[in-house]
Amino acid sequence: MSERIHVMISEEQIRARVKELGAQITAEYKDRPLVLVCVLKGSFVFAVDLARAIDLPLRIEFLGVRSYGEGTESSGVVQITQDLSRPIASEDILFVEDIVDTGLTLAHLKDLFRTRQPRSVKVCSLLHKPARARVEVNIDYLGFTIEDKFVVGYGLDVAEKYRNLPFIGVVERD
Ligand code: IMP
Ligand code: MG
């Protein structure tokens, strides 16, 4: 069985969109300091590009999460495998996600973070797959809405593979 990757969103399209998102975030937070919370592992590529497109005083935190579930389906039960390095009370938090699929991960994280009393919590996701939504999560800043296909690249994986592709692609098996 061989695998080919079909390009869904090109490197150039991603670069242009990340720039726009960065400008939008910069304008909306004015000069308020921002905490980017990069949800590992899938968001690591998007988060570093997005951080460089935002012109605000910011710090970046990494949150390790593992979702219990079978294969490619998220169960919604999220385990924190690596927590933030500092408290976030009274700070403006922006979750940076690779993709909102069922929405269960982000819904859970938003609930969890509420107890830490940040000033505000918003969400920036590169991708959204509305066809598979199981709970509604508001995405404040969204890169692209995609159809119901399993995608890889630009941080996203299948069994830990393809995170280093510079574009978003679909795995085709024949
Ligand atoms: P959720 O279903 O919204 O909870 O999605 C949780 C996580 O599942 C995402 O942050 C991704 O890491 C992963 N995921 C969902 N859809 C895809 C996909 O198409 N490709 C790769 N990872 C995915
Ligand atoms: Mg993720």
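Owing to the predicted nature of the structure, the values given are computational and were not obtained by experimental measurement.
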Heavy-atom pair of closest approach, residues G143 and R17:
O-NE, 2.8 Å

Working to the nearest 0.5 angstrom, can you tell me the gap between F167 CZ and R15 CZ?
13.5 Å

Sorted by chain and number, sequence neighbours left out, salt bridge (charged side-chain N to carboxylate O under 4.0 Å, His left out) with K149 holds for E147

With heavy-atom distances below 4.5 Å as the criterion, would you say the side chains of Q82 and L63 are in contact?
no

Once you round to the nearest 0.5 Å, how far does CG of L165 lie from CD of E11?
10.0 Å

Rounded to the nearest 0.5 Å, what separation is found between the CD atom of Q24 and the CD1 atom of I54?
10.5 Å

If hydrophobic clusters are built by linking Ile, Leu, Val, Met, Phe, Trp and Tyr wherever their side-chain heavy atoms come under 4.5 Å apart, do F46 and V48 end up in the same one?
no

Measuring only between side-chain heavy atoms, which start at C-beta, is V37 closer than 4.5 Å to V96?
no

Close side-chain approach of K110 and V137, heavy atoms under 4.5 Å:
yes

In a table with atom names and distances, give each donor-acceptor pair under 3.5 Å that connects a side chain of residues 119-128 to protein atoms at least two apart or in another chain.
unit_1 : atom_1 : unit_2 : atom_2 : d
R119   : NH1    : D92    : OD2    : 3.3
S120   : OG     : D92    : OD1    : 2.5
S125   : OG     : L127   : O      : 2.8

Sort out for me which residue in T102, D101, L109 forms a side-chain contact (heavy atoms from CB on, under 4.5 Å) with T105.
L109

A quick test of your reading: do over 12 heavy atoms of other residues, nucleotides or ligands sit less than 6.0 Å from CD of Q117?
no

How far does CG of L21 sit from CG of D49, to the nearest 0.5 angstrom?
11.5 Å

Yes or no on side-chain contact (heavy atoms from CB on, under 4.5 Å) for L156 and Y162, after CA distance, side-chain angles and deciding distance?
CA-CA 7 Å; L156 292 111; Y162 303 123; over 6 Å; no

Close side-chain approach of I99 to I146, heavy-atom, < 4.5 Å
yes

Would F95 and D140 satisfy side-chain contact (heavy atoms from CB on, under 4.5 Å), going step by step from the backbone distance to the final call?
CA-CA 10 Å; F95 278 115; D140 303 278; over 6 Å; no

Count the heavy atoms belonging to other residues, nucleotides or ligands that lie under 6.0 Å from CG of D83, then report whether that count exceeds 12.
yes

Which salt bridge (Lys or Arg N to Asp or Glu O under 4.0 Å) pairs, counting each pair once, include a residue from residues 151-170, with sequence neighbours left out?
E3-K161, K41-E160, D157-R163, E160-R163

Could you check whether any side-chain heavy atom of L34 comes within less than 4.5 Å of a side-chain heavy atom of I25, counting everything from C-beta outward?
yes

Are L36 and F62 packed together at the side-chain level, in the sense that at least one heavy-atom pair is separated by less than 4.5 angstrom?
no

Euclidean distance, F144 CZ relative to I168 CD1, rounded to 0.5 Å:
8.5 Å

Any Lys/Arg nitrogen of R59 or E61 sitting under 4.0 Å from an Asp/Glu carboxylate oxygen of the other?
yes

Would you mind reporting whether E91 and P118 have side-chain heavy atoms less than 4.5 Å apart?
no

L50 and G22 have their tightest heavy-atom pair at CD1-N, 4.1 Å

Can you find a heavy atom in the side chain of V65 that is under 4.5 Å from one in the side chain of I80?
yes

Here's one to test your reading of the geometry: is the NZ or CZ of R116 within 45 degrees of the ring axis of F113 and under 6.0 Å from its centre?
yes

Any chance you could measure Y29, atom OH, to D55, atom CG, to the nearest 0.5 Å?
15.0 Å

